[in-house]
Amino acid sequence: MFPPNLAPRRTLTRVRLIPSALIALLIGAASLGAAVRPSAIPATPPKAAALPAFPYVHGARPMPRALPGERTVFTLEGPSGEQDLTLRQLQALPAVRYATTHLQLKRTLTYQGVPLRDLAARGGFAGKDLRISASNGFSAVIRAADYLKEPIMLAYLQDGQPISILDKGPLTVVLPPGPTRFTSPTYASAWVWFAVRVAPVP
Ligand SMILES: Nc1nc2c(c(=O)[nH]1)N[C@H]1C(S)=C(S)[C@@H](COP(=O)(O)O)O[C@H]1N2
Ligand SMILES: [Mo]
């Protein structure tokens, strides 16, 4: 768990003032990336600068239906109920890819997965702090101020392959290499492995 004062007070306050709906809109525009012509983007509110571009490999794809018997791998627990997602459905959400040195594995690997920012938008709780839970009962909070600005992801591929249990898969939270705080002991709990669920912090 993190101390409540990880991010500068000023940043936290500003993020909380942005309505979830506006954040969801901005996230949608951000994940469309280069595919969207500037004229298609709604008039840019000043807060748009708070949502940087992420290293997307693709935007949202048509959401496939879950097949009979297809396993739920991840659940979004939103204000209007739960959304169970299969791996194929998770892979239809916008995806980022980058190399990072895994804090616990101590290896530099290329991960691909869904940015928490896009997961939160899909769940209807963009801009809220997130609690990510794991199949072993562990959970950790990831602050909105972190996942809105940095492409923290729920990874499903490691060097192009499904992530083995030995490497903390099949779904594991990965933080990008930029901010040095992400590799500090304070953020060790944010690298949630065996991740199965996300919900907004009440
Ligand atoms: N699923 C799961 N993820 C987790 C944890 C856990 O117990 N279960 N512990 C967290 C904490 S507090 C730390 S310090 C690191 C520990 O990883 P390690 O045991 O590989 O060093 O994983 C984080 N992610
Ligand atoms: Mo820890």
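One-based numbering, in listed order, for ligands and for the atoms of each. It should be emphasised that the depicted structure is a prediction, and the values quoted were computed from it without experimental measurement.
For ligand 1, the atoms lying closer than 4.0 Å to a non-hydrogen atom of Asn136 are 1 (N), 2 (C), 6 (C), 7 (O), 8 (N). Near Ser189, the atoms of ligand 1 lying under 4.0 angstrom from a non-hydrogen atom of the residue are 10 (C), 11 (C), 12 (S).
The single protein non-hydrogen atom nearest to atom 20 (O) of ligand 1 is Lys168 NZ, 2.7 Å, given as residue, atom name and distance. The protein heavy atom nearest to atom 14 (S) of ligand 1 is Ala188 CB, 3.5 Å. Annotation: atom 15 (C) of ligand 1 to nearest protein heavy atom, Gln104 NE2, 3.2 Å. Ranking the protein heavy atoms by distance from atom 10 (C) of ligand 1 puts Phe138 CZ, 3.3 Å first.
When side chains are defined from C-beta on, Thr75 does not count as touching Gln83, because their heavy atoms never get closer than 4.5 Å. Thr101 has its side chain out of reach of Arg107: every pair of non-hydrogen atoms, C-beta onward, lies at least 4.5 Å apart.
For Arg197 and Glu82, the salt-bridge test passes: some basic side-chain N is under 4.0 Å from an acidic carboxylate O.
Of all the heavy atoms of Ala134, the ones lying under 4.0 Å from any atom of ligand 1 belong exclusively to the side chain.
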side-chain contact (heavy atoms from CB on, under 4.5 Å) between Arg117 and Lys149, worked out: CA-CA 9 Å; Arg117 197 170 77 174; Lys149 292 199 177 138; over 6 Å; no
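Note: an N/O pair closer than 3.5 Å links Trp193 and ligand 1 by distance alone.
The backbone N or O of Gly169 sits nowhere less than 3.5 Å from a side-chain atom of Asp167 that would complete a donor-acceptor pair.
The CD1 atom of Ile165 lies 7.5 Å from the OG atom of Ser135; values are rounded to the nearest 0.5 Å.
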